[in-house]
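Just below is one structure, and these are the notes that go with it.
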Amino acid sequence: MRVDVPGGSLDIDESYLDATPETVRQQVREYARGDRHTFDVGVRYPDDFTGQVMRAMAAIPHGETRTYGDIAAAVDSGAVAVGGGCGRNPIPLVVPCHRVVAADSIGGFSAAGGAELKQSLLEHEGALDTQTNLERF
């Protein structure tokens, strides 16, 4: 399903969620308004490396970021492999892969809109202040 988010839209594979499409859409609208910081839906994580990365991403609080290296340490892997796992996340936003950044840049984003959409989502959450935090990248 395609959902509108601040800065663009995302495709979410609802087959990984224990919620109706309307529930997911409603919660995304609440997120976009700033009324929701977490999603209240059951997630079916894959039983593989991508699932491990998704679980680690799901633990990143709204308004915060972690580096690919941070996630790599949590799943006992490498940062490049974690980037691949982030890119295979079938439920972006619900499992917040946009909150994973590189040590020296915002990093990539496999969703349509790429890094610009990722930046918009992080700004929406207050995780990136374009005047202050982007200078570190």
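A donor and an acceptor atom, one from each side chain of R55 and Q52, are nowhere located under 3.5 Å apart.
S15 contributes atom OG, which lies 10.0 Å from atom CE of M1 (distance to the nearest 0.5 angstrom). In this structure, CD on Q26 lies 6.5 Å from CD on E22, to the nearest 0.5 angstrom. With rounding to the nearest 0.5 angstrom, the CE atom of M57 is 13.5 Å from the CG atom of D70. Distance check: I12 CD1 to N89 CG gives 9.5 Å after rounding to the nearest 0.5 Å.
More than 12 heavy atoms of other residues, nucleotides or ligands shown are found within 6.0 angstrom of CG on D35. Within a 6.0 Å radius of CD in E116, other residues, nucleotides and ligands contribute 12 heavy atoms or fewer.
At least one donor-acceptor pair under 3.5 Å links the side chain of K118 to the backbone N or O of V100. Between the R25 side chain and the R2 main chain, a donor and an acceptor come within less than 3.5 Å of each other. Using a distance-only test at 3.5 Å, with no hydrogens or angles considered, no donor-acceptor pair links the side chain of Q27 to the main chain of R36. No side-chain donor-acceptor contact under 3.5 Å links R88 to the backbone of T50.
In this structure, the side chains of L117 and V5 come closer than 4.5 Å at one or more pairs of heavy atoms. Side-chain contact between Y16 and V95: absent, with no pair of heavy atoms (C-beta onward) separated by less than 4.5 Å. The shortest distance between side-chain heavy atoms of L17 and T23 does not fall below 4.5 Å. Contact check for M54 versus P90: side-chain heavy atoms found under the 4.5 Å cut-off.
The shortest non-hydrogen separation linking P61 to R66 is CD-NH2, 3.6 Å. Between V53 and G85, the closest heavy-atom pair is CG1-C, 4.1 Å. Heavy-atom minimum distance, G69 versus A79: N-CB, 4.1 Å. When every heavy atom of P6 is checked against every heavy atom of S120, the shortest pair comes out as O-CB, 3.6 Å. Closest approach of L10 to L121, counting heavy atoms only: CD1-CD1, 4.5 Å. Closest approach of C97 and F109 over heavy atoms only: SG-CE1, 3.7 Å.
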Verdict with supporting geometry, I91 and F39, side chain to side chain contact (heavy atoms under 4.5 Å, CB included): CA-CA 11 Å; I91 48 176; F39 289 85; over 6 Å; no

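Each ring-ring contact (aromatic ring centres under 6.0 Å, His included) pair with one or both residues in residues 62-92, not counting sequence neighbours, appears once here: H37-H62.
Note: the hydrophobic cluster containing I106 does not contain V82 (ILVMFWY, side chain heavy atoms under 4.5 Å, direct or indirect links). The hydrophobic clustering, which links ILVMFWY residues whose side-chain heavy atoms are closer than 4.5 Å, places V101 and V75 apart. Under the 4.5 Å side-chain heavy-atom criterion for ILVMFWY residues, no single connected hydrophobic cluster contains both L93 and L122.
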